[in-house]
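For reference, the structure is listed below as structure tokens.
A, B, ... follow the sequence lines: proteins, then strands. Residue 1 opens every chain.
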Amino acid sequence: APAFSQERGGVLNFARYDGSNLIDPIYADRNPDIWMVGSLFDTLLRPSADGNSVVAGLAEDHSVSDDGKTVSLTLRDGVTFADGTPLTGEDVVFSLDRAREPDQSPWSGLLGSIESVSAEGNAITINLNNPDPTILSMLATFTTGIVSKAVFDAAEGATDQEKSAAIFASGGPGVGSGPFYLCGFEQGTSMKFCANENYWRDGADGKPLPYLEGVNFQIIPDDATRILKLQSGEVDVAEFIPFSRVPELDADPAINMNLFPSTRIIYSPINTRETRADGSPNPLADVRVRQAVNYATNKDALIGLVLQGAGKPMTSPLMAAATPLSTNPGPLYGYDMEKAQALIAEAGLEQGTEITFTTLAGSADDSTIFAALQQMWAPLGINLVVEQVDGPTRGAKNRSGEFDIHTYGWVNDVNDPGQVVGWLGYTPTANAVGTGWDNAEFNALYEASQTEIDPEKRAQQYADMQAIYAEAAPLLFMYETPFAVAVSASVDGYVQTPLGNNIFEEATVSR
Amino acid sequence: MIDQKPILEVSNLCTTFRRGGVDLPAVRDVSFSVGQGEVLGLVGESGSGKSVTLRSILGLSRRYGDVTGEVRWLGQDIASMPERKLRHIRGREIAMIFQEPMTSLNPLLTVGMQLTETLKAHTDLNRAARRDRAIEMLDHVGIPSAASRLGEFPHQFSGGMRQRVMIAIALAASPKLLLADEPTTALDVTIQAQILDLILSLADEMQMGVILVTHDLGVVAQTCENVAVMYAGRVVEQGAVRQVLGAPRHPYTVGLMRSVPQNVPPRTQLYSVPGTPPSLEALPVGCAFASRCQNRTERCLTARPTLDAITDDRRVACFNPVAAEKAGAA
Amino acid sequence: MSDISLSESEATKPQKTRLQIALRKPGFLIGVAIIGFSSLLAIAPGLFAPYDPNFIDYNAVRQPPSWAHPFGTDMLGRDSLSRVISAYTVNMQMALLATIFALIIGVTVGALVGYYRGVADMIFGRFVDAIITFPFLVLVIAVVAVLGPGLINMYIAITMVGWVYYARLMRAEVIAQMGNDYSAAGVVMGYSDRRIIFRHLLPNAITPVIVYWMTDMALAILLGSSLGYLGLGAQPPQAEWGVLIAEGRNFITTAWWLSLMPGVAIVLTGLGFSLMGDGLADLLRPRG
Amino acid sequence: MATLQYILKRLFLMIPTFFLVMIIIFVLVRFLPGDPAIAIAGDRASDADLEAIRERLGLNEPMLVQFWLFVTNTIQGDLGSSILMRAPVTEVIFNRLPTTAFLTLYAVGLSLLIAGPLAFVAALNRGRWPDVLIRTVFQVGLSMPVFYIGLILLTFLAAQLRWFPVGGYGDTFGARLYHLFLPSVAVALYTSAIIMRNLRSAIIEVLDAEYVQFARAKGLPNRLILGRHVLRNALISTVTLLGLSIGNLMSGTLVTETVFAVPGVGRLMLEAIFARDYPLIQGLTLTFAVLVSVVFLLTDLFQSTLDPRMRLT
Amino acid sequence: MNEPVMTIENLGLEFPLGRTLYDVVQRRPGRVVNALNGVSLQLNKGETLGVVGESGCGKSTLARCIVRLYEPQHGQIHYHGQDIFEAEAKKDRSYNRRVQMMFQDPYSSLNPRMTTGQILSEALRVHDMRPANEIPARVAELLDLVRLPQDAADKLPHEFSGGQRQRIAIARSLAVEPEVLIADELVSALDVSVQAQVVNLLLELQERLNLTILFVAHDLRLVRHVSNRVAVIYLGRIVEIGDSETLFSRPSHPYSQALLSAAPSLDPDDKGKAIRLEGELPSPLNVPSGCPFHVRCRHATELCKREVPALLPRDGRGEVACHHVEELN
Ligand SMILES: Nc1ncnc2c1ncn2[C@@H]1O[C@H](COP(=O)(O)OP(=O)(O)OP(=O)(O)O)[C@@H](O)[C@H]1O
Ligand SMILES: Nc1ncnc2c1ncn2[C@@H]1O[C@H](COP(=O)(O)OP(=O)(O)OP(=O)(O)O)[C@@H](O)[C@H]1O
Ligand SMILES: [Mg+2]
Ligand SMILES: [Mg+2]
């Protein structure tokens with residue numbers, strides 16, 4: 001919309017559920033870090049509005065060679081870092097090399113296909129070992145954000161990580177070219193972003209973005225307190241609103257209750273190994289039992305209880321509907337108690353079989369899910385018992401396979417299904433989310449898809465994988481949830497992308 | 001015997017405590033008077049109400065129980081006087097020494113502070129003068145190097161010295177009447193003698209009246225002019241020391257005197273009053289001593305004898321007092 | 001000699017028992033009544049709860065109080081009254097089991113250390129310091145994290161820390177009691193140490209410990225609730241007051257009954273324990 | 001001289017205590033299920049990544065070596081580097097500590113302000129209605145979980161009436177007093193109940209003490225009797241209790257800090273445990289232990305200035 | 001009569017007050033309370049030995065040493081020739097049975113939670129004095145012995161008066177059939193008339209059971225009444241010991257003289273003969289050199305300041321520790 005009278009200035013106050021530790025394209029590994037990288041570090045390319053392709057970013061042009069092994073990009077003229085120093089090809093080479101260095105970047109695997117990166121003036125060339133269908137998406141992903149080589153060279157510290165920490169701790173413009181730079185940071189407490197006056201993108205009024213002077217973040221881990229902060233007007237935005245509060249806030253005229261579409265799925269890995277960790281036979285090894293529990297789970301009821309209806313059942317077994325290449329075959333395992341009971345009978349499951357459901361201690365959602373599942377599965381003769389653990393313990397159990405079923409969630413970091421499918425189904429990555437599910441056909445399809453640059457063929461591979469996975473049901477397929485962010489009515493233009501990234505570039509606040 | 005108008009007149013003093021829903025008549029119908037410079041002894045078995053009598057005179061029992069009767073101080077009734085007014089009499093005109101030297105001084109305040117705060121409350125002396133007076137008082141009660149001990153705390157003093165500090169505090173504002181509740185029980189005989197000397201000489205010099213509570217009949221004999229004997233909350237015999245101790249009339253007083261191992265062959269059986277005193281919670285209708293009395297008659301069990309004058313200054317509460325000549329012989 | 005034996009027993013006329021005196025105090029009576037009724041609810045919640053506390057009714061979510069549901073329903077449509085009642089079992093159990101072993105261990109250790117002093121006392125002192133200077137909640141959280149959440153492990157964790165407080169109290173009281181001659185009399189009578197400690201000193205020294213125990217039971221419920229809030233206490237779907245409050249606190253303005261009712265239950269029970277403790281202090285004090 | 005001696009002796013006695021604390025916490029964190037490496041690298045990390053991280057953190061060393069390093073480094077004032085915060089533990093703690101200390105002292109101050117006068121009122125009216133009322137109200141404070149009280153305060157006093165801010169902790173002293181008022185009240189409701197209980201019975205006991213009777217017999221004004229004779233003596237046991245509860249208060253702040261969004265060490269501890277941040281857990285525990293020991297020492301010193309019988313030794 | 005039951009030789013006991021860090025640094029020894037300083041005496045079969053002296057002079061300490069509540073640093077105590085502090089002897093509980101002690105405070109020496117019957121039967125049971133079935137009968141007998149009514153067995157100590165409580169304590173001691181009774185201010189807390197009752201009982205029992213009694217008390221009249229012999233203690237030393245009648249009628253040591261003269265007479269006309277002592281009782285923390293009494297003694301000379309006088313027999317008048325005893329008497 002043409003809004004020439006765009007209001008400029010003002011500071012947005014933002015209540016976060018957790019704080020960032022180090023916002024660096026390669027060291028950001030927790031969501032509170034990852035979701036902020038884009039505001040400080042621009043990438044060569046940007047995701048398109050619909051999220052299914054890429055558009056120009058710092059690079060105004062890009063092309064891929066026919067053999068798929070060379071990517072050429074042209075750097076925009078005159079882009080600078082936030083402090084006004086020019087952003088050159090050298091910085092790009094430095095940043096990408098840094099990002100694909102396996103010894104330092106946890107995300108280097110995403111750029112594994114790159115053989116070398118070189119620059120000549122504004123021309124950037126990326127040579128690949130093999131064709132990579134995801135390479136363009138990767139260049140629009142946080143981990144390829146461009147950092148200033150000069151700043152890194154000058155920073156204190158022996159290793160790259162120490163340098164990064166030192167740069168982060170001192171803050172200030174210079175290291176990034178995003179719409180904002182970090183101008184204040186107190187760990188675990190608060191963080192300040194200030195507008196980058198040299199940002200290359202222009203707003204609707206023809207002047208450089210962003211409209212805001214800055215963003216102040218406060219960390220408020222308690223859900224109820226975060227909401228109270230918003231209601232009392234102390235902050236303009238509160239993220240991670242519990243869904244149980246959504247209807248109430250929706251009704252408040254002073255607040256816009258946003259449910260941003262997301263790639264988040266909530267699912268439960270099921271241990272598919274023949275025996276449990278303690279050596280006893282695992283009733284869930286039988287695919288019919290796994291299918292039965294999927295049929296016996298009334299997802300709509302679950303969505304009603306946990307999300308107050310603000311979600312939808314998973315349609316693709318491997319990803320959210322918003323993820324590219326999702327097949328969306330319609331409701332997955334729609335509620336059907338008869339079918340479920342028939343499958344159980346067929347599998348010969350003993351009445352009163354005890355199955356342990358591992359939940360995250362202190363999570364109200366998990367408790368609700370457990371209570372509901374316990375009642376829903378009782379007709380199957382399953383006696384569901386709970387085991388509460390904290391995050392690290394759950395992680396360890398998942399890894400070692402010492403669980404029957406537990407809850408997990410996922411949000412894509414990359415705008416490509418490769419990551420999530422590798423995580424959920426490809427055995428070598430992580431035993432198919434720890435389920436121990438191992439399907440040779442699936443694994444072969446996945447490996448082939450990683451180098452398939454023909455979009456159609458790749459789509460077919462993904463369709464096949466989803467079909468296999470749905471049938472085998474190594475998960476309890478639950479639901480997708482949006483990002484619930486409550487925003488004061490005075491704020492406009494703030495978005496959270498399906499990947500979770502917070503976009504403040506075009507946000508405005510009227511006071 | 002100093003014959004002059006009494007400064008303190010107590011009449012029909014009664015103090016009743018309530019404990020666990022039961023009335024405890026700790027003091028009943030106690031009447032006596034004290035003249036200027038007179039030393040009145042108050043003796044009786046443990047629990048007979050001696051301390052409560054003294055505390056009731058000073059209005060300290062009101063917080064814990066019900067006090068009735070009259071306490072005339074220089075003609076003015078102080079039993080019903082409000083606390084705010086009474087406080088100007090306490091410490092300044094009537095002072096009291098408590099029975100327990102170990103617990104009656106505040107452990108957290110220096111001895112000097114506890115001495116001077118009385119002076120501050122009751123005199124116009126300035127800081128330095130109060131200090132001088134405090135040192136003088138400590139000297140008086142025989143605490144060596146008094147000046148240096150003002151800054152010390154009670155726990156740094158021995159029991160006997162604490163008792164003397166308390167006496168110094170009580171006497172600091174030159175009261176006209178001293179209520180001394182067993183001031184020497186905690187002390188050794190040699191020190192006891194010193195303290196009694198001190199009190200007596202002050203009574204003499206300052207014309208101060210004294211009520212001296214004690215167990216020790218020897219002390220009474222040596223220090224008092226008059227004595228009142230209490231039993232189960234009542235005064236049962238009263239009169240001049242020479243007469244009461246020399247020729248006791250009440251059977252209880254007689255028993256008391258006979259229990260003292262004096263003029264009996266060593267290692268023989270001593271006399272003792274049979275039985276134990278009645279519990280205050282269940283006093284008999286008649287004479288409280290009746291169950292232990294060898295002279296009791298039917299009447300003693302049903303009626304309570306009043307404290308009646310036998311001679312001018314001699315009173316006994318008994319229907320069948322011991323004959324004068326017989327008692328004298330005992 | 002005849003004069004000594006004359007009717008001495010007069011002095012010892014029948015006295016009111018201490019229980020009678022204690023029962024005269026309204027506070028104590030109220031405390032006993034509250035705890036008595038709470039225990040009844042804890043033992044047989046089924047007798048009082050109108051519904052199955054865990055039955056989920058998708059169609060009756062967060063209903064306000066009504067005749068059918070006097071305390072309303074929760075976000076899963078479960079009957080709140082039934083949940084508050086069924087929580088009595090777990091919360092009263094918490095009060096007892098989280099403290100009783102600490103009491104037993106603490107009393108024993110405290111009595112022994114107080115009696116013998118010496119090296120054992122020195123070592124004990126360091127232990128007490130270490131545990132007391134340790135952040136209590138943190139220690140409990142860490143132990144629960146090691147053992148895994150759940151009531152039993154919570155009891156173990158609280159006991160591991162809590163015994164110290166009983167032991168300190170007991171030690172001090174035993175030392176104070178040893179100022180009485182009856183313990184010296186025991187030695188002089190040639191009694192064994194064990195007899196002196198456990199038969200003579202312990203019964204006399206335990207009164208303040210028992211009174212503290214009452215307070216501690218109330219605190220155990222509170223602590224259990226805090227751990228429930230952090231997800232380290234009772235396991236779902238078991239209702240527990242702390243968890244109920246934590247569940248309800250998101251709806252403090254829209255469905256206030258969810259957190260208010262369990263809150264009232266906690267306060268009442270705490271009040272009961274503390275009133276009972278005050279009364280017991282009078283009851284157990286030997287008169288003399 | 002004597003005091004200095006006493007302090008030295010107490011400090012000396014703290015050494016074995018701290019050693020014990022170090023052993024307990026060291027063993028405890030290593031028994032925590034869940035791997036710090038996973039906590040760092042996330043559930044998705046590969047085994048090789050985890051191995052590298054463990055190597056880097058020295059978690060592959062034998063336990064005794066790790067403990068030796070922990071002890072020797074601690075003695076040199078080096079508590080290691082926080083895994084979660086990627087910064088030196090000492091720095092992280094020192095950033096957060098003042099807030100918690102402020103909150104704790106504030107709460108203690110408020111508690112005294114609330115409990116002190118009311119304890120007097122209750123004690124002087126023992127058994128009558130003001131006493132019953134005061135004790136009942138405080139009992140409510142004693143039995144309410146702080147996360148509930150906190151929320152009620154926030155909802156009504158902050159969000160609805162807007163008298164106080166919902167969260168945060170302010171920059172200036174005045175702003176801190178204002179921002180931390182509600183959290184302090186939430187904590188103080190509990191602490192003051194404990195103090196009130198203790199102080200009330202201490203006052204009742206002291207009121208009946210012989211030396212107070214003696215002070216009355218001396219004819220001192222009531223104000224002096226209550227202030228100089230009663231209060232001082234009643235305070236002695238209360239000061240010990242206060243010292244003890246400051247320890248619990250400081251660790252208890254973790255819930256308060258979460259509810260009120262106060263960035264203090266309590267919340268940090270919770271985060272550290274959930275992130276299996278061994279160095280941070282160890283560092284925080286030791287810091288707690290040191291602080292609490294110092295508080296104990298201070299209360300004992302205060303007590304010995306108050307009570308001459310406790311001096312020396 | 002003169003058969004010694006117990007011989008105490010040169011008994012010495014110091015209570016350390018703890019050495020402060022400062023003392024250690026200054027290489028100073030810790031301060032000590034000199035409670036007993038070379039006390040020697042003999043207890044003969046069937047006699048009553050009275051012990052008098054000012055508060056804090058070490059009377060209780062002596063009593064407590066005899067029953068092994070304290071272990072002395074110097075000297076020995078022999079019971080029928082056996083050193084009671086020898087390692088072997090210390091294991092022998094029967095000593096504790098045969099030498100019994102009773103305490104001053106009638107309110108604290110009985111366990112407030114045990115009935116009289118329990119208190120007595122416990123003593124009988126622990127020392128196997130009677131087979132279990134005879135215990136109730138023996139308890140009844142004991143109550144009778146100390147003239148308590150039979151229903152006393154079911155009562156708790158707080159239901160008794162002070163005098164009755166002391167009788168329970170005596171019964172407890174008698175239950176184990178001792179040979180020696182140590183009575184540390186057994187009657188000091190009681191009223192005169194009750195005192196008389198308890199003393200009567202003690203004298204009667206002594207006669208019947210041939211008990212040996214160490215009688216510690218403040219009340220000189222009482223001590224005179226019950227004792228065959230009397231020891232006067234001053235600052236942890238015996239300054240005079242001898243036959244009761246002689247000592248009371250004609251004390252030799254200046255301190256004994258002062259002590260006895262200070263007791264107020266019952267006769268109001270009998271005034272003013274008390275010998276006033278100068279100064280305060282010196283604390284056992286710093287016992288004066290030489291004769292401990294010299295600082296308060298009117299007759300003190302240079303010799304007294306220098307030398308501790310030995311406890312020497314005077315013909316027919318017991319033993320006295322005074323340099324100038326001959327000149328003074
Ligand atoms: N504050 C009180 N409340 C209840 N009863 C009390 C109180 N003060 C004293 N009594 C009771 O009053 C009675 C008389 O006590 P009082 O102290 O006057 O005796 P006493 O003659 O001084 O005895 P003693 O010689 O032992 O000091 C006792 O039974 C005592 O228990
Ligand atoms: N356990 C102890 N620790 C330290 N000093 C002690 C101890 N017991 C007694 N004393 C000191 O030893 C000295 C002698 O005490 P002891 O009790 O024997 O005196 P006493 O003659 O019995 O006095 P009293 O007549 O007051 O009972 C006193 O100065 C006393 O303070
Ligand atoms: Mg008295
Ligand atoms: Mg003694």
Fill in the blank from the handout: The interface call for C/Ala255 against chain A, heavy-atom contacts under 4.5 Å, is neither
Handout entry: A/Glu234 with A/Lys229: basic N within carboxylate O range, under 4.0 Å
Key = yes
Handout entry: Option passing side chain to side chain contact (heavy atoms under 4.5 Å, CB included) with A/Leu284 (candidates A/Asn271, A/Leu349, A/Asp404)
Key = A/Asp404
Exercise for the section: Flag the pair A/Arg245 and A/Asp223 as a salt bridge only when some basic side-chain nitrogen lies within less than 4.0 angstrom of an acidic carboxylate oxygen. Expected result: no
Practice task
Please flag which part of C/Gln235 lies under 4.5 Å from any non-hydrogen atom of chain A: side chain, backbone, both or neither.
Solution key: both
Fill in the blank from the handout: Honestly, the part of A/Gln375 sitting under 4.5 Å from a heavy atom of chain C is side chain
Fill in the blank from the handout: Greatest number of non-hydrogen atom pairs under 4.5 angstrom with chain A, of C/Pro237, C/Gly233, C/Ala246, falls to C/Pro237
Handout entry: Residue-level contacts of residues 67-86 of chain C with chain A, using a heavy-atom cutoff under 4.5 Å
Key = C/Met75, C/Leu76, C/Arg78
Handout entry: Closest-packed option against chain C by number of heavy-atom pairs under 4.5 Å, given A/Gly304, A/Pro242, A/Ser244
Key = A/Ser244
Handout entry: Interface moiety of A/Gln374 toward chain C, non-hydrogen atoms closer than 4.5 Å
Key = side chain
Fill in the blank from the handout: The interface call for A/Ala364 against chain C, heavy-atom contacts under 4.5 Å, is neither
Exercise for the section: Classify the ring geometry between A/Phe240 and A/Tyr17 as parallel (under 30°), tilted (30 to 60°) or perpendicular (over 60°). Expected result: tilted
Problem - Salt-bridge criterion met for A/Arg226 and A/Glu239 (N-O under 4.0 Å) - result: no
